[in-house]
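A quick write-up on the structure given underneath.
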Amino acid sequence: PAVLLTIARLSALAVEGVAGMAAVPGGVNRLFKRGVGDGVQIEVDDNSIRAKLYLVVSAAADIQAVARAVQAEVGRAYQDMVGMVVRGVSVSIEDVDYD
């Protein structure tokens, strides 16, 4: 799972307008879940994957366009790098960076 988390995180951070990754909500429970990393939560079933990303976006960015670009980029990265079927990529904007 660590490789899959890294692929999602680096793909999302490469999209213009993404300022960073936010913490995965869930408090202490998230610490005991497999497939949870910095701003990314994944579910793997056979050769398919579902990812949920928690992002911080730049204030000047078009939030909807950034979210769509992240979905496309992460889905493409999973298909190209590991050949997995992507069941879904969900994006949650957790904060806006006004720096």
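Sequence positions, counted from 1, serve as the residue numbers for this chain.
Taking CD1 from I63 and CD1 from I93, the interatomic distance works out to 6.0 Å, rounded to the nearest 0.5 Å. Note that OG of S58 and OH of Y98 are 11.0 Å apart. Values are rounded to the nearest 0.5 Å. Atom CD in E16 sits 11.5 Å away from atom CG in D62 (nearest 0.5 Å). Atoms OG1 and CE, on T6 and M81 in that order, are 10.5 Å from each other to the nearest 0.5 Å. Atom CG in N47 sits 5.5 Å away from atom CE in M84 (nearest 0.5 Å).
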Report the C-alpha separation of L5 and I42 in whole Å, then their side-chain angles, then the decisive distance to 0.1 Å, and conclude whether the side chain to side chain contact (heavy atoms under 4.5 Å, CB included) test is met. CA-CA 7 Å; L5 294 170; I42 59 169; 3.9 Å; yes
Could you go step by step and tell me if Q79 and V86 meet the side chain to side chain contact (heavy atoms under 4.5 Å, CB included) rule? CA-CA 7 Å; Q79 289 176 345; V86 179; 3.9 Å; yes
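Closest non-hydrogen pair, K52 versus S92, comes out as NZ-CB, 4.0 Å. Considering every non-hydrogen atom in both V44 and D46, the closest pair reads CG1-O, 4.0 Å. Taking every heavy atom of both residues into account, R50 and R87 meet most closely at NH2-CB, 3.8 Å. The two residues A12 and L55 make their nearest non-hydrogen contact at CB-CD2, 4.2 Å. Considering all non-hydrogen atoms of both residues, Y78 and L4 come closest at OH-O, 2.7 Å. Contact detail for M21 and V40: the closest heavy-atom pair is CE-CG2, 3.8 Å.
By the criterion of side-chain heavy atoms lying less than 4.5 angstrom apart, applied directly or through intervening Ile, Leu, Val, Met, Phe, Trp or Tyr residues, V56 is not grouped with V70; the two fall into different hydrophobic clusters. When hydrophobic clusters are built by joining Ile, Leu, Val, Met, Phe, Trp and Tyr residues whose side-chain heavy atoms come closer than 4.5 Å, directly or via intermediates, V74 is grouped together with V82. L10 and I7 are not part of a single hydrophobic cluster, where members link through side-chain heavy atoms under 4.5 Å apart. Hydrophobic clustering, with ILVMFWY side chains joined whenever heavy atoms are under 4.5 angstrom apart, keeps V85 apart from L53.
Judged by distance alone, the side chain of S48 and the main-chain N or O of D45 form a donor-acceptor pair under 3.5 Å. Not one N or O on the side chain of E94 forms a donor-acceptor pair closer than 3.5 Å with the backbone of Y54.
Within 6.0 Å of atom CZ in R68, 12 or fewer heavy atoms from other residues, nucleotides or ligands are found, so the atom counts as exposed in its surroundings.
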